[in-house]
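What follows is one structure encoded as structure tokens, with my remarks underneath.
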Amino acid sequence: MLSIKNLTVAYDDTPVLTDVAVNFNAGKITGIIGPNGAGKSTLIKAMLGLIKSKHGTATYNDQPLTAVRQQIAYVEQRKDIDLTFPINVLDVVLTGTYGHLGLFKSPGKAEKQASLAALAQVSLSDFAKRQIGNLSGGQLQRVFVARAIVQAAEIIILDEPFVGIDLQSETAIVQILKQWRDAGKTIIVVHHDLNKVTRYFDELVILNHGIVAAGATTDVYNPTNISQAFSTDLSSVLFDQPEVPQS
Amino acid sequence: MTSIANFIQALTKYEFLQSALMTAIMVGIMSGIIGSFIILRGMSLMGDAISHAVLPGVAIAYILGINILIGASIFGILAALLIGFVAAHSKIKTDTSIGIVFSAFYALGFILISMAESATNLHHILFGNILAVSDSDMLTTAIVLCIVLTFVIFFFKELLITSFDETFARTYGLKTQMMHYALMLVLTLVTVSALQTVGIILVVAMLITPAATAFLWTDRLETMLILAAGIGVITSIAGLYLSYSFNWASGPAIVLVAAALFLIFFVCSPKQAFIRFKRLKTKAVLAHD
């Protein structure tokens with residue numbers, strides 16, 4: 001189990017997350033939802049140690065998360081990637097083996113085989129030699145999912161993986177998520193499109209600077225929690241309820 | 001005017017010209033390789049800054065009579081650390097921080113050099129004097145080339161991943177800051193070597209122009225490194241020829257060759273597709289008629 005305890009993060013003294021405590025279970029796909037600026041990506045980055053937190057801990061089976069880095073695969077938002085970089089699809093996937101290889105070892109035959117297999121899993125075998133700038137957004141996202149496959153991690157974290165991608169890619173990625181879940185891995189997905197929440201996620205963390213609700217999607221995805229985290233209007237549209245006049 | 005045949009004849013005759021050629025080749029290789037990483041990391045300005053910032057180190061090394069590599073390395077790393085520190089601990093962005101730190105270092109170096117040595121020497125440091133390379137200079141350059149090649153071969157995958165996707169490298173526990181400063185250290189060593197051929201002011205051109213030329217022509221990092229090194233070598237040799245034949249300062253001669261090569265590659269590059277574009281346009285016009 002991945003546990004976060006009393007995590008507080010602030011940017012220049014403006015608190016983004018205050019005393020967040022939440023658990024992510026193995027064998028589940030957990031979605032993190034919340035309005036813009038709720039601290040979803042911040043939560044991920046703080047627990048990975050990519051940004052400093054004021055206090056709090058992140059542990060995996062009682063070990064600090066930073067001590068089990070090899071067990072984590074993180075698929076970042078795509079916007080920061082340099083698409084002109086002289087690297088092809090296969091070589092990007094190969095970088096997923098770097099963490100396990102350690103210093104002074106180059107990827108060999110076994111790593112290349114694993115990368116080709118991962119590319120096949122996301123149906124991109126024909127694109128192995130393409131420079132990454134020549135892919136669509138969805139194809140590129142699948143490349144990074146293939147890299148996560150190669151990492152053979154126990155915890156997989158994806159930040160907004162479905163933004164700006166085609167339906168075929170989205171379906172392919174959801175398939176992979178389900179395979180990971182069935183293999184007992186811990187999967188965390190930052191997500192902002194509420195429409196598919198019930199279809200994609202077994203468990204849900206509703207976030208707005210703090211935890212609004214967390215638990216099985218069927219239990220926590222309800223008008224009360226959504227209106228508390230987002231707005232009453234959004235909640236009434238989503239759940240198709242007439243607005244109840246406040247008395 | 002000296003023809004190429006005369007140049008080759010002179011090469012067989014004069015030892016100073018052989019030393020110059022060897023040094024030019026070695027500097028071409030190392031600056032092409034390190035320059036490739038500099039441009040891929042979007043650090044061209046940093047490359048320029050570090051190359052200027054080593055000047056006080058060079059001056060102090062002259063004054064104290066110690067190896068120029070030691071003095072330059074200290075100031076190169078000091079500048080890199082200071083640039084990082086100012087950017088991290090203030091609202092100031094990195095490019096501004098670079099501008100402040102390197103100009104200050106350069107100014108200090110300029111004054112120290114003029115205090116320590118004659119004006120001729122300063123001129124050589126600023127613009128390069130490849131025809132005056134000594135045996136010990138050549139040995140130093142050879143050592144730096146070995147360091148560069150060892151560094152890039154042993155840390156190839158770390159250099160690749162920190163240049164391409166630094167966040168990813170951090171998530172699997174790579175010390176990306178260490179890689180950055182290691183690269184800055186190697187960059188200062190390359191700068192000191194390139195100082196003999198092109199001089200401090202133009203080092204940046206030797207770093208980024210051959211690398212940029214190679215970048216236009218390939219989609220693979222390994223190919224880019226080899227191509228950049230090759231272009232660096234051709235540039236250096238052609239520049240040396242021009243410098244010897246027309247008595248031009250070696251720095252400007254080499255840099256102009258580099259720029260000319262870049263221009264040719266830029267116009268003909270498959271990535272730019274200027275030529276193809278033109279043909280299509282002609283066709284379109286014909287079709288319109």
Side-chain angles (χ1 to χ4, degrees), chain A residues 12 41 44-45 47-52 65-92 94-107 111 129-134 143-144 147-148 150-151 153 155-157 159, chain B residues 32-33 35-44 88-91 150-179 182 211-228 269-273:
Chain A
D12 297 329
S41 297
I44 300 298
K45 285 181 182 152
M47 76 190 204
L48 290 172
L50 295 174
I51 54 171
K52 275 193 185 146
L65 210 54
T66 43
V68 290
R69 286 186 182 283
Q70 307 301 337
Q71 291 307 322
I72 309 168
Y74 171 50
V75 180
E76 215 190 344
Q77 288 186 42
R78 274 174 298 116
K79 58 177 193 268
D80 294 331
I81 291 296
D82 175 8
L83 293 175
T84 68
F85 199 91
I87 191 167
N88 66 32
V89 166
L90 180 62
D91 286 341
V92 172
L94 262 179
T95 63
T97 66
Y98 286 9
H100 290 287
L101 283 171
L103 287 175
F104 309 125
K105 279 199 205 105
S106 304
E111 285 76 19
K129 296 289 174 191
R130 283 253 196 127
Q131 196 270 339
I132 53 161
N134 301 318
V143 172
F144 288 110
R147 174 164 80 176
V150 166
Q151 284 184 272
I155 306 163
I156 300 113
I157 304 170
D159 197 347
Chain B
I33 291 173
S36 294
F37 289 109
I38 298 297
I39 70 162
L40 289 175
R41 296 163 90 95
M43 287 181 17
S44 301
H89 292 88
S90 70
K91 288 193 291 188
T150 312
F151 177 64
V152 172
I153 289 167
F154 279 101
F155 292 99
F156 181 76
K157 72 181 198 303
E158 284 72 26
L159 284 166
L160 184 154
I161 195 64
T162 52
S163 304
F164 173 60
D165 192 349
E166 198 190 345
T167 311
F168 177 76
R170 285 174 65 199
T171 56
Y172 79 74
L174 188 68
K175 302 268 177 288
T176 54
Q177 283 289 84
M178 288 274 288
M179 281 311 297
T213 310
F215 176 70
L216 289 180
W217 273 72
T218 177
D219 280 337
R220 270 184 77 79
L221 182 57
E222 292 90 331
T223 320
M224 178 175 166
L225 295 180
I226 294 166
L227 208 55
S269 154
K271 279 195 200 172
Q272 301 297 331

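The chains referred to below are lettered A, B, ... by the order of the sequence lines, with proteins before strands, and numbering in each begins at 1.
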**Item:** Distance, nearest 0.5 Å, that separates CD1 of B/I161 from CG of A/D91
**Value:** 10.5 Å
**Item:** Under 3.5 Å donor-acceptor, B/K157 side chain and A/S106 backbone
**Value:** no
**Request:** Quick one: pull up CZ in B/F164 and CD1 in A/I81 and give me the separation to the nearest 0.5 Å.
**Result:** 4.5 Å
**Message:** With a 4.5 angstrom heavy-atom cut-off, is it the side chain or the backbone of A/Q151 that approaches chain B, or both, or neither?
**Reply:** side chain
**Heavy-atom closest pair, residues A/P86 and B/F215** = CD-CE1, 3.8 Å
**Asked** Do the side chains of A/L50 and B/T167 get nearer than 4.5 Å, heavy atoms only?
**Response** yes
**Side chain proximity check, B/L174 to A/Y98, heavy atoms < 4.5 angstrom** = no
**Asked** A/I132 versus chain B, heavy atoms under 4.5 Å apart: side chain, backbone, both or neither?
**Response** side chain
**Request:** Under 4.5 Å, counting heavy-atom pairs only, tell me which of A/E76, A/R130, A/Q70 racks up the most with chain B.
**Result:** A/E76
**Message:** Measuring only between side-chain heavy atoms, which start at C-beta, is A/F144 closer than 4.5 Å to B/D165?
**Reply:** yes
**Message:** To the nearest 0.5 Å, what is the distance between CG on A/N134 and CG on B/D219?
**Reply:** 7.0 Å
**Asked** Considering only heavy atoms from C-beta outward, does the side chain of A/L103 approach that of B/F155 to under 4.5 Å?
**Response** yes
**Item:** Residue B/S36 versus chain A: region with a heavy atom under 4.5 Å
**Value:** neither
**Fill in**
Here the gap from A/T95 atom OG1 to B/F168 atom CZ, rounded to the nearest 0.5 Å, amounts to 4.5 Å
**Item:** Interchain contact, A/I87 with chain B, by part (heavy-atom threshold 4.5 Å)
**Value:** both
**Fill in**
If one checks every heavy atom of B/I153 against chain A at 4.5 Å, the contacting part turns out to be neither
**Item:** From NZ (A/K129) to CZ (B/R220), nearest 0.5 Å
**Value:** 6.0 Å
**Item:** Enclosure of B/F154 CZ (heavy-atom neighbours >12, cutoff 6.0 Å)
**Value:** no
**Residues of residues 221-228 of chain B near chain A, each having a heavy atom less than 4.5 Å away** = B/L221, B/M224
